[in-house]
**Student:** 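Here you go, one structure.
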Amino acid sequence: MIIRKGTPNDMPAVLGLIKELAVFEKEPEAVVVTADDLIRDGFGEHPLFHTFVAEVNGVIIGIALYYYRYSTWKGKTIHLEDLIVKEDQRGTGAGFALYSEIIAQGKRDNVRRIEWAVLDWNVNAINFYKKTGAKVLDDWRVAQMDEEGINEFLSKNSK
């Protein structure tokens with residue numbers, strides 16, 4: 001297994017894993033991003049995200065997609081958006097290797113925090129994260145506004 005930085009050529013495989021995750025999270029229709037979007041947004045002059053891929057015999061079996069954020073309390077942080085391993089490759093160590101690479105990247109970048117979200121029903125992931133020393137916060141809720149909500153808000157509140 002090789003863990004390496006993702007390239008534009010990897011984005012179709014990355015998109016496949018994103019779609020697999022959406023099925024796992026019971027929202028298969030929610031993915032609207034395309035491989036072209038990923039290439040444009042991840043590899044331009046100011047990339048919006050970075051990836052590590054886990055590769056076995058030339059096949060990408062897992063990804064970690066992350067980006068930098070800024071905390072008013074901590075300064076520079078990393079947000080791990082997704083860590084995905086193909087279902088038939090779970091238990092091979094790919095997830096741990098990608099997770100370890102994200103933590104090592106945080107150390108290289110001198111960030112003060114690495115953060116991510118986990119669904120409350122994903123008990124295996126929660127237990128894994130806790131076992132590695134991560135804190136899973138019970139008192140914070142994720143708030144989101146989708147495209148429809150953005151448009152509705154602006155139509156009601158624009159001057």
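Side chains included, hydrogens not; waters and symmetry mates left out as well; all remaining heavy atoms used.
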**Student:** For Lys19, is there an ion pair with Glu27 - N to carboxylate O distance below 4.0 angstrom?
**Tutor:** no
**Student:** Heavy atoms only: give me the nearest Phe43-Thr7 pair and the separation to one decimal.
**Tutor:** CZ-C, 3.5 Å
**Student:** Going from CD on Gln89 to CD1 on Ile60, what distance comes out if it is rounded to the nearest 0.5 angstrom?
**Tutor:** 12.5 Å
**Student:** Quick check: are there more than 12 heavy atoms from other residues, nucleotides or ligands sitting under 6.0 Å from CH2 of Trp140?
**Tutor:** no
**Student:** If hydrophobic clusters are built from ILVMFWY residues whose side chains come within less than 4.5 Å, do Val111 and Phe49 share one?
**Tutor:** no
**Student:** Once rounded to the nearest 0.5 Å, what's the spacing between atom CD1 of Ile103 and atom OG1 of Thr132?
**Tutor:** 5.5 Å
**Student:** To the nearest 0.5 Å, what is the distance between CE on Met11 and CG on Asp41?
**Tutor:** 11.0 Å
**Student:** Can you tell me if Thr77 and Tyr70 form a side-chain donor-acceptor pair at under 3.5 Å?
**Tutor:** no
**Student:** Under 4.0 Å between a Lys/Arg side-chain N and an Asp/Glu carboxylate O for Asp10 and Lys5?
**Tutor:** no
**Student:** With sequence neighbours left out, what residues match Asp37 under salt bridge (charged side-chain N to carboxylate O under 4.0 Å, His left out)?
**Tutor:** Arg40
**Student:** List the atom of Val118, the atom of Ala125, and the distance in Å for their closest heavy-atom pair.
**Tutor:** CG2-CB, 3.8 Å
**Student:** Ile18 vs Leu38, test: side-chain contact (heavy atoms from CB on, under 4.5 Å). Steps then yes/no.
**Tutor:** CA-CA 11 Å; Ile18 291 168; Leu38 294 170; 4.1 Å; yes
**Student:** According to a 4.5 Å side-chain heavy-atom criterion applied to Ile, Leu, Val, Met, Phe, Trp and Tyr, with indirect links allowed, do Ile63 and Leu119 form part of one hydrophobic cluster?
**Tutor:** yes
**Student:** Going only through I, L, V, M, F, W and Y residues with side-chain contacts under 4.5 Å, is there a path from Val33 to Ile150?
**Tutor:** no
**Student:** What's the shortest heavy-atom distance between Leu98 and Gly62, and which atoms?
**Tutor:** CD1-C, 3.6 Å
**Student:** Distance check, rounded to the nearest 0.5 Å: Leu80 atom CG versus Ile114 atom CD1?
**Tutor:** 8.5 Å
**Student:** Tell me whether Val53 is reachable from Leu21 by hopping between hydrophobic residues (I, L, V, M, F, W, Y) whose side-chain heavy atoms are closer than 4.5 Å.
**Tutor:** yes
**Student:** Kindly indicate, with the supporting measurements, whether the criterion side-chain contact (heavy atoms from CB on, under 4.5 Å) is fulfilled by Lys130 and Lys135.
**Tutor:** CA-CA 6 Å; Lys130 286 180 176 178; Lys135 297 175 189 166; over 6 Å; no
**Student:** Report the C-alpha distance between Arg4 and Glu55 in whole Å, list the side-chain angles of each, state the deciding distance to 0.1 Å, and finish with yes or no for salt bridge (charged side-chain N to carboxylate O under 4.0 Å, His left out).
**Tutor:** CA-CA 8 Å; Arg4 62 173 175 79; Glu55 185 179 62; 3.1 Å; yes
**Student:** Report, as yes or no, whether the 6.0 Å neighbourhood of atom CD on Glu29 holds more than 12 heavy atoms from other residues, nucleotides or ligands.
**Tutor:** yes
**Student:** To check you understand the geometry: which heavy-atom pair defines the closest contact between Ala22 and Val31, and what is its length?
**Tutor:** CB-CG2, 3.5 Å
**Student:** Return the CE to CD distance between Met145 and Glu152, rounded to the nearest 0.5 Å.
**Tutor:** 9.0 Å
**Student:** Ring centres of Trp116 and Phe128 under 6.0 Å apart?
**Tutor:** no
**Student:** Is there a path of hydrophobic side-chain contacts, each under 4.5 Å between heavy atoms, that joins Leu17 and Leu15?
**Tutor:** yes
**Student:** Is there a donor in the side chain of Asp109 and an acceptor in the side chain of Gln105, or the other way round, less than 3.5 Å apart?
**Tutor:** yes
**Student:** Please indicate whether Asn157 has more than 12 foreign heavy atoms, meaning atoms of other residues, nucleotides or ligands, lying under 6.0 Å from its CG.
**Tutor:** yes
**Student:** Please state whether the rings of Tyr67 and His79 are parallel, tilted or perpendicular, taking 30° and 60° as the class boundaries.
**Tutor:** tilted
**Student:** Once you round to the nearest 0.5 Å, how far does NZ of Lys76 lie from OG of Ser71?
**Tutor:** 13.5 Å
**Student:** Return the orientation label for the Tyr68 and Tyr66 ring planes: parallel under 30°, perpendicular over 60°, tilted otherwise.
**Tutor:** perpendicular
**Student:** For the side chain of Arg113 and the backbone of Lys74, is there at least one donor-acceptor N/O pair under 3.5 Å apart?
**Tutor:** no
**Student:** Considering all heavy atoms of both residues, which atom of Ala54 and which atom of Ala94 are nearest to each other, and what is their separation?
**Tutor:** CB-CB, 4.2 Å
